[in-house]
Number of protein chains: 2
Amino acid sequence: MTAMQHSWPETLRDCGLRVTRQRLAVLDAVAEHPHQPAEAIHAEVARRLPEITVQSVYTVLHDLTAHQLLRRFDPPGSAACYETRTHDNHHHAICTQCGRIEDVDCVHGEAPCLEAPAGLGMEVEVADVVFRGICRNCAAQNAGEHKAAQPV
Amino acid sequence: MTAMQHSWPETLRDCGLRVTRQRLAVLDAVAEHPHQPAEAIHAEVARRLPEITVQSVYTVLHDLTAHQLLRRFDPPGSAACYETRTHDNHHHAICTQCGRIEDVDCVHGEAPCLEAPAGLGMEVEVADVVFRGICRNCAAQNAGEHKAAQPV
DNA sequence: CGCAAATTATGAGTAATTCATAATTAGGGC
DNA sequence: GCCCTAATTATGAATTACTCATAATTTGCG
C-alpha cells in the first residue's frame, strides 16, 4: 500500500522534467488524496507552499498528465480530478448522490479491456468504464432519514 | 430507422410537460443531429425559431433530460451533448483526433451491462463505457499526410 | 557561479453553464 | 372561445473551471 516504486524526483527526471517544489507538492497531494479537483489540490498544496497559485497548479497538473505521471479523470458534470495510478487501465465508480469516486480494478489489466463491437468505424485503443450507483454511506444515510426527518 | 414510437407532443404530455414550440424544435434538432452541444443545437433550432435564446435551449435541454426524453453525454474535455436514444443503455465511441462520437449498441441491452466487481462499496446501477480511438476518416487522413509534409 | 531554457506567477480572458427575475404562453375551466 | 394561473421562456448577470500571454523566477548543466 505504502510502496513507493520510485522517488518522485527520479520519476520526474526520467521524463526529462525538472524537479521543482511545486511539482513534488502536487504529486504528494494527489498521491495522498486521489480524485480531487484542481482547486482542492491547490488548497492542500498551499498548506506547505503558501505562495503557489491556482494557475500554477493547473499548469503542473497539465504537464504531469501529459507525461503520464498523473491521470486525469472527468466525472460527468463536475470538475476534472487526478490520480497517480496511471498505467493500470483501472476504472471508476461514482456515487450519484455524494459524488465520491472509487477506483475499480480492471480485470484484464490492459487496455482496451472490452472488445470493441465489430462494425464500428473506429480503431479502439481504450475502453473507459464508469460505474454509477449509491455508495454505502449514502445508502445508510438514506435509510436513516426514513425515521429521522431532516430538512436540508 | 425512421420509426417514430410516439409523437413528441404525446411524449411530452405523458411526462406532465407542456408542449411548446421550443421543446418540439429542440427535440427535432437533437433527433436529427445527435451528439451536438447546446450551442450547435441552438444554432439549428434558431433557423426555425429565430427568437429563441441559448439560455432557453439550456433550460429545455435540462428539463427534457430530467424527464428522460433526452440523454446527456459528457465527452471528456468538451461540452455536453445530447441524444434521443434514452432507454437502451447504449455506449459511445469517441475519436480522439476529430472528436466525432458514435453510438455503440450495448450487447446486454439492460443496465448495468457490466458486472460490478465484488467488494465495491457501492450499489452499481449503471455502467457507462466510453471507447476511444481513431476513426476511419482520421486514420485515412493521417495515412495521406505521410507523403505530404507534416511538421508538428 | 553563471547562463539559458524551463518553470512559475501574474493578470486577463474564455467557454460552458447556471441563476434570478421579468415577460410570455399553454391548457384547464367557465 | 376566453380567462386565469402555473408553467415556460426571455433577459441579463454571475459563476465555474479552465486557458492563454507575458513577465519574473528557478533549475541544472557547464
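Proteins get letters first, then strands, A, B, ... in listed order; numbering begins at 1 in each.
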Revision key, fill the gap. Students should find that the end-to-end axis angle of the helix from dC1(C)-dG30(D) to dC30(C)-dG1(D), with five pairs defining each axis and rounding to 10 degrees, is 30°

**Study point:** Least distance between heavy atoms, C81(B) atom then P37(B) atom
**Key:** CB-N, 4.1 Å

**Study point:** Ring centroid separation H92(A) to H90(A) under 6.0 Å
**Key:** yes

Point to revise | Along DNA chain C (nearest heavy atom to each residue), the more 5'-positioned of V54(B) and R13(B) | key: V54(B)

Check your understanding: Quick one: on DNA chain C, does T59(A) or A79(B) contact a more 5' nucleotide (nearest heavy atom)?
Key -> T59(A)

Point to revise | Distance, rounded to the nearest Å, where D74(A) contributes CG and dA15(C) contributes P | key: 19 Å

Exercise for review: Give the rounded distance in Å between these two atoms: CZ of R18(A) and C1' of dC3(C).
Suggested key: 11 Å

Point to revise | d(CG, D63(A); P, dA9(C)) in whole Å | key: 13 Å

Check your understanding: When we call it a touch if two heavy atoms are under 4.0 Å apart, what does S56(B) touch: a base, just sugar-phosphate, or nothing?
Key -> base

Exercise for review: Would you please confirm or rule out a distance under 4.0 Å between OP1 or OP2 of dT8(C) and any side-chain N or O of T20(A)?
Suggested key: yes

**Study point:** Atom-pair distance (CD on Q55(A); P on dC18(D)), nearest Å
**Key:** 13 Å

Check your understanding: What nucleic acid atoms does V60(B) come within less than 4.0 Å of, heavy atoms only: base, sugar-phosphate, or nothing?
Key -> sugar-phosphate

Review point. Going by an N to O cut-off under 4.0 Å, is there a salt bridge joining R71(B) and D128(B)?
Key: yes

Exercise for review: Give one of base, sugar-phosphate or nothing for E39(A), where a contact means two heavy atoms less than 4.0 Å apart.
Suggested key: nothing

Study note, to complete from the structure: Separation of dC18(D) atom P from I41(A) atom CD1, nearest Å, is 10 Å

Check your understanding: Does the side chain to side chain contact (heavy atoms under 4.5 Å, CB included) test come out yes or no for L17(B) and T11(B), once each step is laid out?
Key -> CA-CA 9 Å; L17(B) 292 173; T11(B) 315; over 6 Å; no

Review point. For A38(A), which contact category applies under a 4.0 Å heavy-atom criterion: base, sugar-phosphate, or nothing?
Key: nothing

Study note, to complete from the structure: Ranking dT17(C), dA9(C), dT25(C) by distance to the side chain of R21(B), first place goes to dT25(C)

Practice item. Using atom CD1 of I52(B) as one end and atom P of dT25(C) as the other, report the distance to the nearest whole Å. Key: 13 Å

Practice item. Starting at atom CZ of R23(B), determine the distance to atom P of dA7(D), rounded to an integer number of angstrom. Key: 11 Å

Check your understanding: Salt bridge or not for D63(A) and R23(A), using N-O below 4.0 Å?
Key -> yes

Review point. Below 4.0 angstrom, N of the basic side chain to O of the carboxylate: do E51(A) and R21(A) qualify?
Key: yes

Check your understanding: Within this structure, what is the CD-to-P distance between Q22(B) and dA7(D), rounded to whole angstrom?
Key -> 17 Å

Check your understanding: Counting any heavy atom closer than 4.0 Å, what does V19(A) reach on the DNA or RNA strands: base, sugar-phosphate only, or nothing?
Key -> sugar-phosphate

**Study point:** Chi angles and distances behind the side chain to side chain contact (heavy atoms under 4.5 Å, CB included) call for H62(B), H67(B)
**Key:** CA-CA 9 Å; H62(B) 180 271; H67(B) 287 273; over 6 Å; no

